[in-house]
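Structure record follows, encoded as structure tokens.
Just follow the structure's listing: the first ligand is 1, and inside any ligand the first atom is 1. Worth knowing before you read on, the calculation uses all heavy atoms, side chains too, and leaves out hydrogens, waters and symmetry mates.
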Amino acid sequence: MEPGWLLWGAAVLLLLLHVLAELSPAVGFVLRLGWYCLLCVLGSLLAVPACLLLNGGRTVRNMRIIKNIVKAFKYFFGLKFEVKGLENFEVEGPAIVVSNHQSILDMMGLMEVLPDNCVQVGKKELLYTGIVGLIMYLGGVIFINRKSTTSAKMVMSEVAKTMVAENVKVWVYPEGTRNCTGDFLPFKKGAFHLAIQAQVPVIPVVYSSFTSFYNPKTKLFTSGKIKVEILPPIETKGLTSDDVSDLTDRCYHTMRETFFVLSGRPSPSEQWGPDQPDVWCGTALLV
Ligand SMILES: CCCCCCCCCCCCCC(=O)SCCNC(=O)CCNC(=O)[C@H](O)C(C)(C)COP(=O)(O)OP(=O)(O)OC[C@H]1O[C@@H](n2cnc3c(N)ncnc32)[C@H](O)[C@@H]1OP(=O)(O)O
Ligand SMILES: CCCCCCCC/C=C\CCCCCCCC(=O)OC[C@@H](O)COP(=O)(O)O
């Protein structure tokens, strides 16, 4: 087939998909999410050889390459980021970064502000997403088995040692799972154990609610603006394992308050524990 016909075919297909997306929000949602996944695969196809050629294998230095590729994704979805407090990342040495986790789209917000020498903690299932898993591995993502508390805790304790030795920051989603309810889930304590064990500061990062432009329940995925605020570091020097709960509570409350301010919504009555609202984790694509 001639290249001219191929181009015409692609253009007609794109137009058809665009019309379908406009006619049905559900179709639009699936198409946009599919396009996001495809972008992740294409981005990884580009990043894997670049990482191997420039840095030779698994290293946090690859995150810079990944970051620069992923930062372009937002233009395909009409997403804008408004970032405040980047200077709070400028702490000497290692730190634990904690942030809220609403969707697989968070990866764009993560790369928008990611400081140098920073790796994320991710569930081990992500390693099996083909080339996307490979790029996460090459970028230095720390994989944990959420089905085994003992093994997850062992990995985290090891990280407490290596992050200091290798001077890296570690990004943890303390909710432990995606949560697009417009509120926070209770925080798990792993990140705070890690910060106290390594005696490094905790840097909270808050993203405003996605619910106005992204809602898997109502199949909404349009363009939108995300406000991001990096809060001042919280020191942990001198704290012991007895202080983990207090540190967790402090971060939770500060971040949740900031979340409602950034989202332009009043804070609902505080909830903690089993009375949480329905949890909706976005898409079942990534189990
Ligand atoms: C182009 C493509 C590019 C790709 C880009 C790549 C970007 C990559 C982006 C990737 C993004 C990926 C994003 C993702 O994948 S997010 C999903 C994965 N991430 C997480 O789950 C992180 C948050 N979870 C935690 O921190 C949990 O606490 C862990 C996982 C550690 C255990 O959870 P679990 O549910 O099993 O247990 P529990 O929390 O009930 O805790 C049980 C007890 O243990 C205590 N305890 C906990 N920890 C420690 C410790 N270290 N030392 C001593 N004690 C510890 C704890 O206080 C509690 O005791 P008590 O207080 O009740 O007495
Ligand atoms: C041969 C492999 C076949 C699998 C093909 C899958 C292709 C997937 C392509 C693109 C996926 C986009 C990956 C974006 C990474 C975002 C990481 C993320 O946000 O993971 C969710 C995790 O934080 C929490 O998981 P849960 O909410 O607990 O669940």
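Every atom of ligand 1 is numbered from 1 in the order shown, and the set under 4.0 Å from a heavy atom of V172 is 22 (C), 23 (C). Atoms of ligand 1 lying under 4.0 Å from at least one heavy atom of M136, given by number and element, are 6 (C). Contact atoms of ligand 2 toward H101: 19 (O), 21 (C), 22 (C), 23 (O), 24 (C) (distance under 4.0 Å to a heavy atom of the residue). Here is the list of ligand 1 atoms found below 4.0 Å of a heavy atom in A191: 26 (O). Heavy-atom proximity to G130, at under 4.0 Å, picks out these atoms of ligand 2: 2 (C). Heavy-atom contacts of M136 reach the following atoms of ligand 2: 15 (C) (cutoff under 4.0 Å). Close approach to Y128 involves these atoms of ligand 2, each under 4.0 Å from a residue heavy atom: 2 (C).
Annotation for K84: atom NZ does not count as buried by contact number, only 12 or fewer foreign heavy atoms lying within 6.0 Å. For CZ of R32, the number of neighbouring non-hydrogen atoms (other residues, nucleotides, ligands) closer than 6.0 Å is greater than 12. Summarising the local packing, CD of E92 is surrounded by 12 or fewer heavy atoms from other residues, nucleotides or ligands at distances under 6.0 Å.
Residue S44 places a heavy atom under 4.0 Å from ligand 1. Put simply, no part of I69 is less than 4.0 Å from ligand 1, judged by heavy atoms. In this structure, V121 is part of the shell of residues with a heavy atom less than 4.0 angstrom from ligand 1. Heavy-atom distances between Q197 and ligand 1 reach below 4.0 Å in at least one pair. Within the structure, ligand 2 lacks E125 among the residues with a heavy atom less than 4.0 angstrom away. At least one heavy atom of M111 sits less than 4.0 Å from an atom of ligand 1.
Here the side chain of N215 pairs no donor or acceptor atom with the backbone of T211 at under 3.5 angstrom. In terms of modelled atom types and a separation under 3.5 Å, the side chain of R146 and the main chain of T177 share no donor-acceptor contact. Remark: the backbone N or O of S151 is paired with a side-chain donor or acceptor of S148 at under 3.5 angstrom. One N or O on the side chain of K67 and one on the backbone of L114 form a donor-acceptor pair closer than 3.5 Å. With hydrogens and angles disregarded, a donor-acceptor distance shorter than 3.5 Å links the side chain of N100 to the backbone of Y207. Panel note: side chain D106, backbone S103; a donor-acceptor pair is recorded below 3.5 Å. Judged by distance alone, the side chain of Q102 and the main-chain N or O of F210 form a donor-acceptor pair under 3.5 Å. Remark: side-chain polar atoms of Q199 are paired, donor with acceptor, to backbone N or O of L239 under 3.5 angstrom. Remark: the backbone N or O of S209 is paired with a side-chain donor or acceptor of S263 at under 3.5 angstrom. Not one N or O on the side chain of S208 forms a donor-acceptor pair closer than 3.5 Å with the backbone of I226.
For atom 42 (C) of ligand 1, the closest non-hydrogen atom of the protein is T149 CG2, 3.7 Å. Protein heavy atom in closest approach to atom 25 (C) of ligand 1: K188 CB, 3.7 Å. Regarding atom 30 (C) of ligand 1, its nearest protein heavy-atom neighbour is I144 CD1, 3.4 Å. Remark: minimum distance from atom 21 (O) of ligand 1 to any protein heavy atom is reached at G176 CA, 3.5 Å. Closest to atom 15 (O) of ligand 1 among all protein heavy atoms lies K123 N, 2.9 Å. Residue, atom and distance of the protein heavy atom nearest to atom 51 (N) of ligand 1 are H193 CB, 3.7 Å. In this structure, atom 10 (C) of ligand 1 lies nearest to the protein heavy atom Q120 CB, 4.2 Å. Of all protein heavy atoms, the one lying nearest to atom 32 (C) of ligand 1 is A152 CB, 4.3 Å.
Here the closest non-hydrogen pair linking C251 and F192 is SG-CE2, 3.6 Å. When all heavy atoms are compared, the tightest approach of N117 to N167 is CB-O, 4.0 Å.
At under 3.5 Å, a nitrogen or oxygen of T177, whether backbone or side chain, sits near a nitrogen or oxygen of ligand 2. Below 3.5 Å of separation, one finds no N or O of T129 facing any N or O of ligand 2. Close N/O approach between G190 and ligand 1 is found [any backbone or side-chain N/O within under 3.5 Å].
Only the side chain of L126 comes within contact range of ligand 1, with a heavy atom under 4.0 Å; no backbone atom does. Using a 4.0 Å cut-off between heavy atoms, L126 contacts ligand 2 through its side chain alone, with no backbone atom that close. In D106, neither the side chain nor the backbone holds a heavy atom less than 4.0 Å from any atom of ligand 1. The proximity of I66 to ligand 1, defined as any non-hydrogen pair under 4.0 Å, is limited to the side chain. Residue contacts with ligand 1, taken as heavy atom pairs separated by less than 4.0 Å, do not involve S241 at all.
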Derivation of the side-chain hydrogen bond (donor to acceptor under 3.5 Å, both in side chains) call for T181 and N179: CA-CA 6 Å; T181 57; N179 161 46; 2.8 Å; yes

CA sep, side-chain torsions, deciding dist, call: R250, D246, side chain to side chain contact (heavy atoms under 4.5 Å, CB included): CA-CA 6 Å; R250 185 175 160 195; D246 281 351; over 6 Å; no

Step-by-step side chain to side chain contact (heavy atoms under 4.5 Å, CB included) determination, M154 to E158: CA-CA 6 Å; M154 256 162 60; E158 204 48 46; over 6 Å; no

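Put simply, the residue from V30, L31, L33 that forms a side-chain contact (heavy atoms from CB on, under 4.5 Å) with F221 is L33. A side-chain contact (heavy atoms from CB on, under 4.5 Å) with I196 is found for exactly one of V202, D243, D242, I96, namely D243.
Taking a distance limit of 4.0 Å, we find that atom 63 (O) of ligand 1 is approached by no protein heavy atom. Put simply, atom 23 (C) of ligand 1 has protein non-hydrogen atoms near it, under 4.0 Å away. Using a 4.0 Å threshold on non-hydrogen atoms, atom 59 (O) of ligand 1 does not count as touching the protein.
Scanning G34, G133, C37, G176 for the heavy atom closest to atom 11 (C) of ligand 2 points to C37. The heavy atom nearest to atom 11 (C) of ligand 1, considering only Y173, F192, F73, F187, is found in Y173. For the residues M108, E175, K123, the heavy atom positioned nearest atom 29 (O) of ligand 2 is part of K123. Here the shortest heavy-atom distance to atom 10 (C) of ligand 2, taken over S44, C40, S103, belongs to C40. Closest to atom 48 (N) of ligand 1 by heavy atom, among R178, K189, K153, E175, is K153.
Aromatic ring pairs are classed by plane angle as parallel below 30°, tilted from 30° to 60° and perpendicular above 60°; the pair F259 and F184 is tilted.
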